[in-house]
Asker: 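Please see the structure below; I have some questions.
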Amino acid sequence: MKEEIYEKIISLAKRRGFLYPSYEIYGGESGFYDYGPLGTLLKNNIENKWREFYVIGEGFFEISTPVITPYDVLKASGHVDEFIDEIVTCKKCGASFKKEDVAGKCPLCGSEEMVEGKLNLMFETRIGAKKQEMAFLRPETAQGIFVDFPFLYEFFRKKMPFGVVQIGKGFRNEVSPRQGIIRLREFSMAEAEIFFEPDEKSHERFEEIKKEKLTLLTMDDEEMVMEAGQAVEEGIVGSEAMAYYLVLTHRFLTSVGIDKGRIRFRQHKREELAHYARECWDAEIFSERFGWVECVGIADRSAHDLEAHMKATGVDMRAFKKYDEPRKVRRRITKPKMNLLGRDFRKKAVKIAEELKKVDVDGDMENVTVNIDGEEMKIGGEYFEIVEEEVVESGKKFIPHVIEPSHGIDRIFYFILEHNYRETEKEGERYVLLSLPPSMAPIKAGVFPLVSKDGLPEIARNIERILRKRGIMAFYDESGSIGRRYARMDEIGTPFCITVDYQSKEDNTVTIRFRDTTEQVRVKIEEVPEWIEKRL
RNA sequence: GCGGGUGUGGUGUAGUUUGGUAACACAAAGCCCUGCCACGGCUUAGCCCCGGGUUCAAAUCCCGGCACCCGCACCA
């Protein structure tokens, strides 16, 4: 079964409307998948559960920003330069290869005229018909949040820490997308960016989670099961905040139906850290088919992104923290001697003086180099004096640090199917059921008349209607034998089946059957919606 | 991107060696039957990945493309 589990799930997913290969009637396109009717319901359930955790549970706010991202934004963030593969192209025949695969000669035509180039993993596009501004489809949703930081900081009334989330599509033009839905060129991600004061990465709800045990695989390839609190104490996990989001991620994954015995957190080694990350833990999920696969990346991005955007635009991305008490600070500053500067530098004197004031005083300085209109100038010590002064500071400015849990929705989607796929024998036949958590199931209740006559269908249809009115996804079915209808619902993970029988006509009750045990209970029709709501 | 393999109803397969009316099971739709777990009866619809070539004739042979699978490489 191990080898075929993927095939079985993809086959089930296609047959029952969870997933379709995109553009299949045109031969298909590698790296793209469609979510079918049931798949879309399940995916929405995952995303809504994620919102329950991050928006409701954590008090973060969700925003929505464009997929198309101007060149300058991703240049500043480092993606234009860092998000690349090195390639070489043959001048003679035009073929391209990865640089490390080629030893000077073109493998196809033998030509030695090879041009080095870079293949960026981002999809390029253009904005506007005339101007043709260069742009990309975003490789992550995060940048949309970072560039809105000044608005968001204002929105949160300048209180730190705060979190902003986004669920949306990201795009990476993978060189060779294999593994179906595990490696897509267009994929859904749910990202949270939590802004902290630097070095204040404690977490106010750390107490709630510090006893929770996590499986950790550290940078040094040591695997251990450890309480979150201890991991922070021992310096294995860098901050309380990081540990908090590891636990939160673990809770989220198990609540959507990932088997808790098949989750571990693997720390990135230094050389594999993305260009923006200082510490990163991946939540990996074990797959019979693919082994351990990264599904959530939890990265400490430090001040990287805000700093980069501040540098590129000049917009102040700093936050301000007021001290409890204003502090008197003694500091040493340079005090320009204007009379000498004016005498010797004339018109430039004012600018030089401004630059001099910005210089950090470090010991006794004999001279200071300043940059005036692009010109480096060495200003001798005779032009300024160093004085000690006392100033009152009411607070400090800083560029916030960011911790980012980033969830790959499509991978989680697949692993939910894999972890909940159950196969048994029923009278010699293969019998399949999806043991999804009820809250994830695309359809919550099947509603059947035991036989399609004697007024039973009418009663059943009415129950279906009532459930739908209450916002419960229900599905009416009267075709085939009752066993067949149960089987159809089991295969798509429907947790409850409601059957109207002859007794229903007498006492207004129905049976409710449980997917995983096939046990039945009898419930009054009027109580059915509430009965189901309680169990979702 | 390289090497190997595969591509037949919705799904899973047979047929390809040796070119000649494409088969089976399950699933699906309709009607009947039916007092609770896919297993009754009748009926229906639906398939040779795409393009080119060889041939009287191609699912079958050849070439190209695409997709999927395995390995290598790559990627977070």
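In what follows, every chain begins at residue 1, and chains take the letters A, B, ... in the order their sequences are listed. Atom set for the values below is all heavy atoms of this structure, side chains included, hydrogens, waters and symmetry mates excluded.
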Asker: Among residues at least two apart in sequence or on other chains, which ones pass side chain to side chain contact (heavy atoms under 4.5 Å, CB included) with A:T517?
Answerer: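 Per chain and number, A:T517 pairs via side chain to side chain contact (heavy atoms under 4.5 Å, CB included) with A:F514, A:E519.
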Asker: Please output the side-chain donor-acceptor pairs of residues 432-443 of chain A that fall under 3.5 Å, not counting sequence neighbours, one pair per line with the distance.
Answerer:
unit_1: A:S435; atom_1: OG; unit_2: A:D516; atom_2: OD1; d: 3.1
unit_1: A:S435; atom_1: OG; unit_2: A:D516; atom_2: OD2; d: 3.1

Asker: Could you tell me which residues satisfy side-chain hydrogen bond (donor to acceptor under 3.5 Å, both in side chains) with A:Q143, sequence neighbours excluded, listed by chain and number?
Answerer: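 A:E140, A:D305, A:H309.
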Asker: Identify the nucleotide, in any strand shown, that forms a Watson-Crick or G-U wobble pair with B:C36, with both distances under 3.5 Å; if there is none, say none.
Answerer: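 Pairing partner, where one exists within any strand: none, as none qualifies.
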Asker: Using only side-chain N and O atoms of A:K14, determine if any of them is under 4.0 Å from OP1 or OP2 of B:U11.
Answerer: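 For B:U11, OP1 or OP2 has a side-chain N or O of A:K14 closer than 4.0 Å.
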Asker: Establish whether the base of B:A76 is bridged to the side chain of A:R411 by a donor-acceptor pair shorter than 3.5 Å.
Answerer: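 It does not, because no donor-acceptor pair links the side chain of A:R411 to the base of B:A76 below 3.5 Å.
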Asker: Which nucleotide, B:C37, B:U11, B:A76, lies nearest any side-chain atom of A:E294?
Answerer: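 Closest nucleotide to the A:E294 side chain: B:A76.
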Asker: Tell me: NE2 of A:H79 to P of B:A76, nearest whole Å?
Answerer: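 Those two atoms, NE2 and P, are 10 Å apart.
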Asker: Are any protein N/O atoms closer than 3.5 Å to N/O atoms in nucleotides 34-36 of chain B? If there are, list each pair with its distance.
Answerer:
unit_1: B:U34; atom_1: OP2; unit_2: A:K453; atom_2: NZ; d: 3.2
unit_1: B:U34; atom_1: O4; unit_2: A:S452; atom_2: N; d: 3.2
unit_1: B:U34; atom_1: O4; unit_2: A:S452; atom_2: OG; d: 3.0
unit_1: B:C36; atom_1: O2; unit_2: A:Y486; atom_2: OH; d: 2.5
unit_1: B:C36; atom_1: O2; unit_2: A:Q520; atom_2: NE2; d: 2.7
unit_1: B:C36; atom_1: N3; unit_2: A:Y486; atom_2: OH; d: 3.4
unit_1: B:C36; atom_1: N3; unit_2: A:T511; atom_2: OG1; d: 3.4
unit_1: B:C36; atom_1: N3; unit_2: A:Q520; atom_2: NE2; d: 3.0
unit_1: B:C36; atom_1: N4; unit_2: A:D501; atom_2: OD2; d: 3.0
unit_1: B:C36; atom_1: N4; unit_2: A:T511; atom_2: OG1; d: 3.0

Asker: Pair up each side-chain donor or acceptor in residues 449-464 of chain A with any protein partner under 3.5 Å, not counting sequence neighbours, and list the distances.
Answerer:
unit_1: A:D454; atom_1: OD2; unit_2: A:Y502; atom_2: OH; d: 2.3
unit_1: A:N462; atom_1: OD1; unit_2: A:R465; atom_2: NH1; d: 3.3
unit_1: A:E464; atom_1: OE2; unit_2: A:R468; atom_2: NE; d: 2.9

Asker: Using Watson-Crick or G-U wobble geometry with both distances under 3.5 Å, which nucleotide pairs with B:G3?
Answerer: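 By the stated definition (distances under 3.5 Å), B:C70 pairs with B:G3.
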Asker: If B:A23 has a Watson-Crick or G-U wobble mate with both distances under 3.5 Å, name it; if not, just say none.
Answerer: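 WC or wobble partner is B:U13.
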Asker: Quick test: give all pairs of protein nitrogen or oxygen and nucleotides 42-49 of chain B nitrogen or oxygen below 3.5 Å, distance rounded to 0.1 Å.
Answerer:
none

Asker: Could you check which of B:A29, B:A38, B:A76 has an atom nearest any side-chain atom of A:S479?
Answerer: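 Shortest atom-to-atom distance from the side chain points to B:A29.
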Asker: Please report the distance, rounded to the nearest Å, between OH in A:Y431 and P in B:C26.
Answerer: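 Those two atoms, OH and P, are 17 Å apart.
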Asker: Answer yes or no: are there more than 12 heavy-atom neighbours, outside A:K260 itself, under 6.0 Å from its atom NZ?
Answerer: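 Incorrect, the count does not exceed 12.
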Asker: According to ring pair (Phe, Tyr, Trp, His ring centres under 6.0 Å), does anything in residues 7-47 of chain A pair up with another residue at least two apart or in another chain? List the pairs.
Answerer: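 Applying ring pair (Phe, Tyr, Trp, His ring centres under 6.0 Å) to every pair that reaches into residues 7-47 of chain A, excluding sequence neighbours, yields A:Y35-A:F413.
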Asker: Side chain to side chain donor-acceptor pair (under 3.5 Å) with A:R513: which of A:D490, A:T518, A:T499?
Answerer: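 With A:R513 as partner, A:D490, A:T518, A:T499 yield a single side chain to side chain donor-acceptor pair (under 3.5 Å), made by A:D490.
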Asker: Run through A:W531, A:F448, A:F475 and flag the one making a ring pair (Phe, Tyr, Trp, His ring centres under 6.0 Å) with A:F496.
Answerer: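 In the set A:W531, A:F448, A:F475, the residue that makes a ring pair (Phe, Tyr, Trp, His ring centres under 6.0 Å) with A:F496 is A:W531.
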Asker: Expressed in angstrom and rounded to an integer, what is the separation of A:F171 atom CZ from B:A76 atom P?
Answerer: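 My rounded result for the distance is 19 Å.
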Asker: Looking at B:U54, which nucleotide sits across from it as a Watson-Crick or G-U wobble partner, both distances under 3.5 angstrom, or is there none?
Answerer: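 With both distances under 3.5 Å required, B:U54 matches none.
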Asker: Going by side chain to side chain contact (heavy atoms under 4.5 Å, CB included), name the residues that satisfy it together with A:S479, two or more places apart in sequence or in a different chain.
Answerer: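 So A:S479 forms a side chain to side chain contact (heavy atoms under 4.5 Å, CB included) with A:D477, A:R488.
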Asker: Can you name the atoms? Protein N/O to nucleotides 68-71 of chain B N/O, anything below 3.5 Å, with the distance.
Answerer:
unit_1: B:C68; atom_1: OP1; unit_2: A:S30; atom_2: OG; d: 3.3
unit_1: B:C68; atom_1: OP2; unit_2: A:S30; atom_2: OG; d: 3.0
unit_1: B:C69; atom_1: O3'; unit_2: A:R289; atom_2: NH2; d: 3.0
unit_1: B:C70; atom_1: OP1; unit_2: A:R289; atom_2: NH1; d: 3.0
unit_1: B:C70; atom_1: OP1; unit_2: A:R289; atom_2: NH2; d: 2.1
unit_1: B:C70; atom_1: OP2; unit_2: A:R289; atom_2: NH2; d: 3.3
unit_1: B:C70; atom_1: N4; unit_2: A:R178; atom_2: NH2; d: 3.3
unit_1: B:G71; atom_1: O6; unit_2: A:R178; atom_2: NH2; d: 2.4

Asker: What is the distance, to the nearest angstrom, from the CG atom on A:L12 to the C1' atom on B:A27?
Answerer: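 Answer to the nearest Å: 12 Å.
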Asker: Taking NZ in A:K505 as the centre, count heavy atoms belonging to other residues, nucleotides or ligands within less than 6.0 Å. Is the count above 12?
Answerer: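 For A:K505, atom NZ is crowded (more than 12 foreign heavy atoms under 6.0 Å).
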Asker: Would you say A:Q520 and A:I512 make side-chain contact, with heavy atoms under 4.5 Å?
Answerer: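 No, their side chains stay 4.5 Å or more apart.
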Asker: Can you check whether A:P139 reaches A:F83 side chain to side chain, under 4.5 Å on heavy atoms?
Answerer: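 A side-chain contact exists here, since the closest heavy-atom pair is under 4.5 Å.
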Asker: Nearest whole angstrom, please: distance from the P of B:A76 to the CD1 of A:I409.
Answerer: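 Interatomic distance, CD1 of A:I409 to P of B:A76: 21 Å.
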Asker: Run the side chain to side chain contact (heavy atoms under 4.5 Å, CB included) test against A:E82 and tell me which residues pass, sequence neighbours left out.
Answerer: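 Result, side chain to side chain contact (heavy atoms under 4.5 Å, CB included) vs A:E82: A:H275.
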Asker: Can you sort out the partners of A:R470 under side-chain hydrogen bond (donor to acceptor under 3.5 Å, both in side chains), two or more places apart, ordered by chain and number?
Answerer: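 If we apply the side-chain hydrogen bond (donor to acceptor under 3.5 Å, both in side chains) test to A:R470, skipping adjacent residues, the hits are A:E533.
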Asker: Tell me which residues in residues 526-533 of chain A put a heavy atom below 4.0 Å from RNA chain B, sorted by number, or none.
Answerer: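 When residues 526-533 of chain A is checked for heavy atoms under 4.0 Å from RNA chain B, there are no hits whatsoever.
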Asker: Mind checking who B:U44 pairs with, Watson-Crick or G-U wobble, both distances under 3.5 Å?
Answerer: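 Across all strands, the one nucleotide that pairs with B:U44 is B:A28.
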